[in-house]
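In what follows, chains carry the letters A, B, and so on, assigned in the order in which the sequence lines appear, proteins first and then strands, with residues in each chain numbered from 1.
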Amino acid sequence: MIDKTFRPKSTPLNPLEFSATVTNWQRQYGRNDLPWQINITPYRVLVSELMLQQTQVATVIPYFERWLQHFPTIEDLATASEDAVMAQWQGLGYYSRARNLHKAARYVVDEFAGQLPDNVDELREVPGVGPYTAGAISAFAFNKPAAIVDGNVKRLFSRYFGIEGEISSAKTNKTIWSLAEQYTPVTDSRRYAQALLDLGATVCTPRAPSCQECPLQESCNAYATDRVQILPTKKMKSKIPTRSGNFLLDLTSDGVVLVQRSADGIWPRLWCLPETDEPPKNATIHGKFKHVFSHYKLDATVFAQSIPNGATRVHLDEIESYGLPTPIRKYLNTLPT
DNA sequence: TAGTCGTGGCG
DNA sequence: TCGCCAAGACT
């Protein structure tokens with residue numbers, strides 16, 4: 001009788017075998033035509049990596065193309081206004097990344113004459129560049145050996161090496177970084193880094209991974225021990241709270257009143273309908289909308305309310321040149337022109 | 001260590 | 001409809 005649950009005993013490949021296996025796989029099955037993989041420059045890699053933080057490739061692509069049209073060089077970005085920068089980032093989310101990218105451009109122009117450094121230590125000093133992004137820029141922009149650990153690598157390594165520790169813990173993070181450094185090859189750095197990301201994104205996926213397509217199946221600990229569905233282990237998440245918000249709509253033939261939000265909190269420095277702590281009395285409800293953030297849900301009510309004076313009023317057809325949060329832009333788009 | 005910070009797609 | 005998750009950084 002055949003035991004369908006049989007798995008071969010697994011021993012991890014050594015670093016040389018591992019890197020050869022995944023780079024060969026990447027050459028044949030990986031992603032090699034993404035916009036930032038063509039005409040590679042350090043600036044294009046920097047832009048793509050900041051945009052790709054916690055954001056999927058398909059979402060980033062149109063933003064990346066538009067960004068390079070508006071800010072072709074790092075000098076163009078460094079000298080651009082914050083309003084112009086935020087207008088281009090509008091809708092992509094995590095807006096501190098846009099300000100960091102802007103700061104990064106100025107930093108590199110001021111400190112390095114516009115030339116990004118190629119080593120992790122100096123890259124870590126660039127605004128918005130953390131441990132992952134520093135390694136990614138070194139590998140992708142300069143083809144230099146550098147460990148990268150992102151969500152893909154954490155998932156891939158936790159399964160491949162059978163790491164049981166909670167994936168977001170400092171201890172597990174340290175373990176995986178150590179393995180990542182140990183397994184980083186001396187040559188073909190760019191393709192190796194891309195191989196890890198491609199494997200994680202297209203084969204070793206969070207759920208329903210395609211183990212039959214995986215070049216590492218034979219030596220994968222999680223596959224051998226039938227723990228692919230269990231690893232990586234995650235902490236229980238308490239469900240996110242719901243908050244209510246009150247927004248004011250003052251729309252005339254001259255446009256709608258917008259205010260620039262503070263640098264703190266959600267949607268920092270983006271242009272928005274005026275928000276109030278308490279619902280205005282004797283105001284009629286114009287409409288409602290809901291929005292989900294990563295850490296809370298917003299239940300919003302929009303009140304028709306005239307704003308006294310001195311406010312910025314923007315014509316509806318000029319709104320695209322302002323940086324607006326997505327749900328506000330969507331709400332305004334429903335208004336009759 | 002844990003919270004903050006967006007948005008869209010997917011099952 | 002809802003929870004999960006994505007090329008994380010910063011505080």
Could you work out the separation of [N] and [M] based on their [atom1] atoms and round it to a whole Å?
{"N": "B:dG8", "M": "C:dA9", "atom1": "P", "result": "23 Å"}
{"N": "C:dC4", "M": "B:dG3", "atom1": "P", "result": "15 Å"}
{"N": "B:dC5", "M": "C:dA7", "atom1": "P", "result": "23 Å"}

For [X], report the nucleic acid contact type (base, sugar-phosphate, nothing); a contact means any heavy atom under 4.0 Å.
{"X": "A:Ala193", "answer": "nothing"}
{"X": "A:Leu270", "answer": "nothing"}
{"X": "A:Lys171", "answer": "nothing"}
{"X": "A:Thr133", "answer": "sugar-phosphate"}
{"X": "A:Lys235", "answer": "sugar-phosphate"}
{"X": "A:Leu197", "answer": "base"}

Residues in contact with DNA chain C, drawn from residues 19-33 of chain A - heavy-atom cutoff 4.0 Å
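Residues of residues 19-33 of chain A that come under 4.0 Å of DNA chain C are, in numerical order, A:Arg31.
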Quick one, which residues of residues 89-110 of chain A touch DNA chain C with a heavy atom under 4.0 Å?
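Hits under 4.0 Å, by residue number: none.
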Counting only N and O atoms by type, is there a donor-acceptor contact under 3.5 Å from the side chain of [X] to the main-chain atoms of [Y]?
{"X": "A:Thr184", "Y": "A:Ala180", "result": "yes"}
{"X": "A:Glu17", "Y": "A:Asn14", "result": "yes"}
{"X": "A:Arg124", "Y": "A:Ala134", "result": "no"}
{"X": "A:Thr276", "Y": "A:Pro279", "result": "no"}
{"X": "A:Thr242", "Y": "A:Lys297", "result": "no"}

Parallel, tilted or perpendicular: ring planes of [X] versus [Y], cut at 30 and 60 degrees:
{"X": "A:Trp271", "Y": "A:Tyr322", "answer": "perpendicular"}
{"X": "A:His291", "Y": "A:Phe293", "answer": "perpendicular"}
{"X": "A:Phe247", "Y": "A:Trp267", "answer": "tilted"}

Bounds of contact between DNA chain C and chain A, in 5' to 3' order, using a heavy-atom cut-off under 4.0 Å:
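The protein-touched segment is C:dG3 to C:dC10.
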Residue pair [X] / [Y], side-chain donor-acceptor N/O under 3.5 Å:
{"X": "A:Arg31", "Y": "A:Thr202", "answer": "no"}
{"X": "A:Glu166", "Y": "A:Ser168", "answer": "yes"}
{"X": "A:Arg27", "Y": "A:Asn32", "answer": "no"}
{"X": "A:Ser96", "Y": "A:Arg99", "answer": "no"}
{"X": "A:Asp150", "Y": "A:Asn152", "answer": "yes"}

Ring centres of A:Tyr331 and A:His286 under 6.0 Å apart?
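Yes, the ring centres sit under 6.0 Å apart.
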Pairs satisfying ring pair (Phe, Tyr, Trp, His ring centres under 6.0 Å), at least one member in residues 170-216 of chain A, at least two apart:
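For residues 170-216 of chain A: A:Phe18-A:Tyr183, A:Phe161-A:Tyr183.
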Going by number, which of residues 50-69 of chain A have a non-hydrogen atom under 4.0 Å from DNA chain B?
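Close to the strand are A:Gln54, A:Thr55.
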Does anything in residues 148-161 of chain A come within less than 4.0 Å of DNA chain B? Heavy atoms only, and list the residues if so.
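Correct list: empty, so none.
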Should A:His291 be listed as having a side-chain N or O under 4.0 Å from OP1 or OP2 of B:dT7?
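For B:dT7, OP1/OP2 do have a side-chain N/O of A:His291 under 4.0 Å.
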Is the phosphate of B:dC5, meaning OP1 or OP2, less than 4.0 Å from a side-chain N or O of A:His295?
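Result: yes.
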Both A:Pro268 and A:Ser169 contact DNA chain B. Which one's nearest nucleotide lies toward the 5' end?
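Comparing both residues, the 5'-ward one is A:Ser169.
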Closest heavy-atom contact between A:Ala304 and A:Ala283?
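The answer is O-CB, 3.9 Å.
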Test applied, side chain to side chain contact (heavy atoms under 4.5 Å, CB included); reference residue, A:Trp36; option that passes from A:Thr41, A:Leu68, A:Val60, A:Val45
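Per the side chain to side chain contact (heavy atoms under 4.5 Å, CB included) rule, the option paired with A:Trp36 is A:Val60, out of A:Thr41, A:Leu68, A:Val60, A:Val45.
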Nearest whole angstrom, please: distance from the P of B:dG8 to the NZ of A:Lys290.
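In whole Å, B:dG8 P lies 18 Å from A:Lys290 NZ.
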Can you identify which nucleotide, out of B:dC10, B:dT7, B:dC5, has its nearest atom closest to the A:Arg207 side chain?
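Taking heavy atoms from C-beta onward, the closest nucleotide is B:dC10.
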